[in-house]
Amino acid sequence: MRQPLVAGNWKMNGSSDSIRELIDGILSGLETKAEVLVFPPHVYIQQVRDLLSGSPVKYGVQNASDKLSGAYTGEVSPLMAKDLGCEYVLIGHSERRSIYGETDADVAEKFCALVDNGLVPVLCVGETLEERESGATMKVVAEQINTVLRAAGSERLANFVIAYEPVWAIGTGLTASPEQAQEVHADIRALLAENDPSMADRTRILYGGSMKPDNAVELMAQTDVDGGLIGGASLVAADFKAICHAAGQ
Ligand code: 13P
């Protein structure tokens, strides 16, 4: 039985004041059986750690380097994330891929560095609208995942999360229908099962892309949707809590 996971990706938003307010709001009256976590911008990790101390809500970083230390200006090491109590790290978000040119191979290297240093990667995958319309969705998603599986080898696949985020649904208000999401999630699980059926069975596959309180229940009701990776709605405490609640039902 996979425990649902709801993760808020705050992207490059917030200030120390707004973050205090948001976390106060999330913690007040949060009731869910889901595991809940937030991905603040790096510079606020220490503050978020203090604010979440003693609560069940976890936190992680939105990106990390594949290198552990040294002359890599502007980068953040997996060891630094670990040092500040992060458990999860987001990698391969479509904004990292499309704006900063991260390739499948780059993402695979980060995946390995995270696992080797005791962190849990949340691997984002997803197709553009053009790729969907040309029928290439699963070809693209499979390549994104297979590059990681090949680099990781079976020994690094004990604990990771996949987030399926169709690029055309991110920040657009367009959401994959529950059937569209389920179809891709089931295909992803089948792909994992070709590798190792028990890994496929335990690995959580989140949906992301304009998930809101009013579509969360239906999306999460799909057999292979194990939670959500939430952008915009994770910046509004009431909406984020409503989605957490939907996930725990
Ligand atoms: P939105 O929920 O704003 O569409 O963002 C999704 C996302 O990119 C989460 O990583």
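Whatever order the structure lists ligands and atoms in, that order sets their numbers, starting from 1.
In summary, K11 and E95 engage in a salt bridge, as defined by a charged side-chain N under 4.0 Å from a carboxylate O. The pair D66-K110 does not count as a salt bridge, with every side-chain nitrogen at least 4.0 angstrom from each carboxylate oxygen. A salt bridge is absent between R150 and D104: the closest approach of a Lys/Arg side-chain nitrogen to an acidic carboxylate oxygen does not fall below 4.0 angstrom. The pair D106-R96 does not meet the salt-bridge criterion, since no charged nitrogen lies less than 4.0 angstrom from a carboxylate oxygen. Salt bridge R156/D116: present, at least one basic N to carboxylate O contact under 4.0 Å.
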Quick check on ligand 1: any N or O pairs to the protein under 3.5 Å? One line per pair.
residue	atom	partner	partner atom	Å
ligand 1	2 (O)	S210	N	3.4
ligand 1	2 (O)	G231	N	2.9
ligand 1	3 (O)	G232	N	2.8
ligand 1	4 (O)	G171	N	2.6
ligand 1	4 (O)	S210	N	2.7
ligand 1	5 (O)	K11	NZ	3.4
ligand 1	8 (O)	K11	NZ	2.8
ligand 1	8 (O)	H93	NE2	2.8
ligand 1	10 (O)	N9	ND2	3.0
ligand 1	10 (O)	H93	NE2	2.9
ligand 1	10 (O)	E165	OE1	3.2
ligand 1	10 (O)	E165	OE2	3.0

Listing, residues 76-87 side-chain donor-acceptor contacts under 3.5 Å, not counting sequence neighbours, or none:
residue	atom	partner	partner atom	Å
S77	OG	L68	O	2.7
S77	OG	L79	N	2.9
K82	NZ	G118	O	3.2

